[in-house]
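Since the structure is predicted, the reported quantities are computational estimates derived from the model, not experimental observations.
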Amino acid sequence: MSHNNDAEELLRLVKEGTSPFHVTAWVERQLKKEGFVRLFMEQDWGLDNGGKYYVVHNGSSLIAFTVGEHLQFGDSFRIAAAHTDFPGLRVKPSPEITKDGYQELNVEVYGGAILNTWLDRPLSAAGRVVLRSDSIFEPKVHLVDFRKPFLTIPNLAIHINRDVNKGVELNKQTDMLPVLGITEEESGEEFFRKCLARELQAEPEDILEYELGLYNTDQGAFLGLSEEFISSPRLDNLTSVQAVTRGLISGKRDRGFQVAAFFDHEEIGSRTKQGAGSVLLSAVLERILLSYGRGREKFFETFSKSMLLSVDVGHALHPNKADKNDLTNKDILGKGICIKEASGQAYATDSVAVAVIQQMCEAEGIPYQKFVNRSDGTSGSTLGSIASAFLPVKTVDLGVPLLAMHSSRELMGTADQERLVRALTAFYSL
């Protein structure tokens with residue numbers, strides 16, 4: 001089977017996007033290739049009709065936008081949002097543990113990771129490191145990715161843990177410590193800090209702080225008799241990052257403002273300075289209008305005509321656990337993108353907005369499905385309801401269906417990635 005370009009690009013992003021900072025850097029590289037100009041919040045903006053721009057916020061969030069060539073007074077926003085983070089393990093400060101001849105790393109769980117899928121995996125580390133500088137308020141910032149596996153969290157043998165196949169609860173503090181070395185001395189030596197310093201070609205004492213996560217170094221692969229599946233780490237939510245980026249670049253709408261928002265911290269609730277629960281998005285949108293001499297009143301007037309797509313993965317029906325899905329609203333891998341609805345607004349449900357997306361997909365020949373949780377069950381939420389509370393516009397939650405969501409390796413339908421890109425391109429074109 002020949003794979004579409006979007007599926008191939010997704011796997012390249014998975015390989016490069018090993019932390020929220022690296023995902024944001026990947027988006028920035030794609031935008032620069034297409035002539036997007038970087039703006040800074042602390043500077044004045046001079047925008048032009050037909051212009052393409054982006055803003056990076058705190059290294060792990062980014063908002064990009066294009067201005068219609070034929071911009072008119074009263075034009076509104078088309079917004080699609082995805083998140084740059086994913087569940088996993090984060091390295092604590094002073095993380096070195098030396099005991100019983102082993103060197104281990106003290107880590108904490110980030111987001112709702114399925115812990116046992118992180119055992120016996122080849123793990124590496126990536127993120128942001130901050131170094132000492134000559135200016136107290138401007139420390140040096142570097143991205144780092146070790147790019148090779150050097151840690152693992154070994155399982156306990158079945159001979160010692162006879163009940164392992166009955167299900168074992170893992171303790172986040174004691175059971176999830178990765179091993180990365182062997183030592184002959186019971187020492188508190190800062191072996192990880194020294195390793196990090198070598199990677200940065202810096203002195204250990206110059207490392208002030210870091211935001212580092214462990215990641216599964218397994219490479220993505222096409223599976224199935226006809227390679228109809230993609231099995232890969234970090235599909236949640238790099239599928240959406242790739243689709244929103246490609247959709248914005250390929251969009252052809254020559255009116256209004258087309259906006260792509262990439263937020264960090266969705267997996268821990270979004271209520272941070274670079275999350276969807278902040279004023280970041282509304283602040284950028286208001287500044288866009290201010291650049292055209294349109295004040296706060298005109299910004300509020302755009303709400304009625306603007307629209308937001310919250311693009312994140314959905315739960316596919318599991319063939320061995322079909323009873324976990326709703327009786328009549330279920331998604332199958334490879335059968336199209338899924339529109340997610342919840343009357344409790346865990347997913348942003350708006351009948352008018354959903355109808356718009358249905359008509360768009362039907363006009364473009366894009367297969368779609370609908371997902372609703374079982375009435376006696378719960379599921380995850382996305383940034384849609386959170387972001388739309390700060391920006392009250394028509395909102396729809398949609399994305400590709402996924403199996404093994406929040407595992408260190410997830411599964412999706414190969415064809416669905418191309419369909420998601422087509423949907424985002426249509427959203428930014430029609």
Side-chain angles (χ1 to χ4, degrees), residues 17-23 58-60 85-133 136 139-157 160-161 168-218 233-234 264-265 267-268 272 408:
T18 52
S19 80
F21 304 100
H22 289 82
V23 173
N58 205 34
S60 59
D85 62 326
F86 33 82
L89 304 170
R90 296 291 175 93
V91 183
K92 292 182 179 180
S94 303
E96 293 87 355
I97 299 172
T98 304
K99 63 180 181 181
D100 300 321
Y102 292 101
Q103 293 173 322
E104 293 183 306
L105 212 57
N106 192 7
V107 299
E108 59 183 328
V109 176
Y110 178 88
I114 302 177
L115 298 184
N116 62 16
T117 67
W118 287 84
L119 304 183
D120 305 320
R121 298 285 189 179
L123 305 177
S124 190
R128 179 169 71 173
V129 182
V130 183
L131 302 178
R132 195 179 307 278
S133 70
I136 290 177
K140 297 176 182 177
V141 179
H142 294 273
L143 296 191
V144 63
D145 185 347
F146 284 87
R147 286 291 173 193
K148 63 179 182 180
F150 68 101
L151 312 100
T152 193
I153 307 170
N155 236 313
L156 192 60
I160 301 173
N161 185 11
V168 174
E169 182 179 359
L170 296 172
N171 183 282
K172 294 179 180 180
Q173 179 62 70
T174 59
D175 293 325
M176 300 306 294
L177 301 179
V179 176
L180 69 159
I182 298 173
T183 180
E184 297 179 357
E185 299 179 3
E186 295 289 334
S187 158
E189 185 180 8
E190 295 183 329
F191 53 84
F192 180 70
R193 181 175 291 266
K194 291 180 178 179
C195 177
L196 185 57
R198 286 195 299 272
E199 189 70 20
L200 292 166
Q201 297 183 333
E203 297 299 324
E205 58 270 22
D206 286 337
I207 297 175
L208 298 173
E209 190 53 273
Y210 50 72
E211 295 166 82
L212 294 174
L214 305 189
Y215 68 91
N216 181 359
T217 62
D218 286 346
R234 301 180 289 285
D264 195 2
H265 295 158
E267 299 292 356
I268 55 171
T272 68
S408 74

The criterion is ring pair (Phe, Tyr, Trp, His ring centres under 6.0 Å); which residues satisfy it with Phe150, sequence neighbours excluded?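 Counting only residues at least two positions away or on another chain, Phe150 forms a ring pair (Phe, Tyr, Trp, His ring centres under 6.0 Å) with Phe146.
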Mind checking ring pair (Phe, Tyr, Trp, His ring centres under 6.0 Å) for Tyr110 and listing every partner two or more places apart, or none if nothing turns up?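 Residues passing ring pair (Phe, Tyr, Trp, His ring centres under 6.0 Å) with Tyr110: none at all.
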Quick one: pull up CG in Leu200 and CG in Leu143 and give me the separation to the nearest 0.5 Å.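 Leu200 atom CG to Leu143 atom CG measures 10.0 Å (nearest 0.5 Å).
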Please round to the nearest 0.5 Å and tell me the distance separating atom CD1 of Ile207 and atom CZ of Arg193.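 Taking CD1 in Ile207 and CZ in Arg193, the distance rounds to 5.5 Å.
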With heavy-atom distances below 4.5 Å as the criterion, would you say the side chains of [X] and [Y] are in contact?
X: Leu89; Y: Val109; value: yes
X: Leu208; Y: Leu131; value: no
X: Leu196; Y: Leu212; value: yes
X: Leu180; Y: Phe191; value: yes
X: Val107; Y: Pro178; value: yes
X: Asp175; Y: Leu115; value: no

Go through the structure and list residues passing side chain to side chain donor-acceptor pair (under 3.5 Å) with [X], not counting sequence neighbours.
X: Lys172; value: none
X: Thr174; value: Asn171
X: Gln103; value: none
X: Thr18; value: Asp145

Testing the basics here: between [X] and [Y], what is the closest heavy-atom pair and its distance to 0.1 Å?
X: Met176; Y: Ile153; answer: O-CD1, 3.6 Å
X: Leu214; Y: Leu151; answer: CD2-CD1, 4.2 Å
X: Pro149; Y: Thr217; answer: CB-OG1, 3.7 Å
X: Pro139; Y: Ser133; answer: CA-OG, 3.3 Å

Partners meeting side-chain contact (heavy atoms from CB on, under 4.5 Å) with [X] (sequence neighbours left out):
X: Pro95; value: Val91, Leu105, Asn106, Phe192, Tyr210
X: Val179; value: Tyr102, Glu104, Pro154
X: Asp206; value: Arg132, Glu203

Crowding at CD, Glu205 (>12 non-hydrogen neighbours, <6.0 Å):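 More than 12 heavy atoms, drawn from other residues, nucleotides or ligands, come within 6.0 Å of this atom.
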Under the salt bridge (charged side-chain N to carboxylate O under 4.0 Å, His left out) test, which residues partner Lys140, sequence neighbours left out?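 Per chain and number, Lys140 pairs via salt bridge (charged side-chain N to carboxylate O under 4.0 Å, His left out) with no residue.
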Could you give the side-chain donor-acceptor pairs of residues 116-130 under 3.5 Å, partners two or more places apart or in another chain?
residue : atom : partner : partner atom : Å
Thr117  : OG1  : Ile114  : O            : 2.7
Thr117  : OG1  : Ser408  : N            : 2.9
Asp120  : OD1  : Asn155  : N            : 2.9
Asp120  : OD2  : Asn155  : ND2          : 3.1
Arg121  : NE   : Thr117  : O            : 3.0
Arg121  : NE   : Ser408  : OG           : 3.3
Arg121  : NH1  : Asp218  : OD2          : 3.0
Ser124  : OG   : Lys148  : O            : 2.8
Arg128  : NE   : Glu211  : OE2          : 3.1
Arg128  : NH1  : Asn58   : O            : 3.0
Arg128  : NH2  : Glu211  : OE2          : 2.6

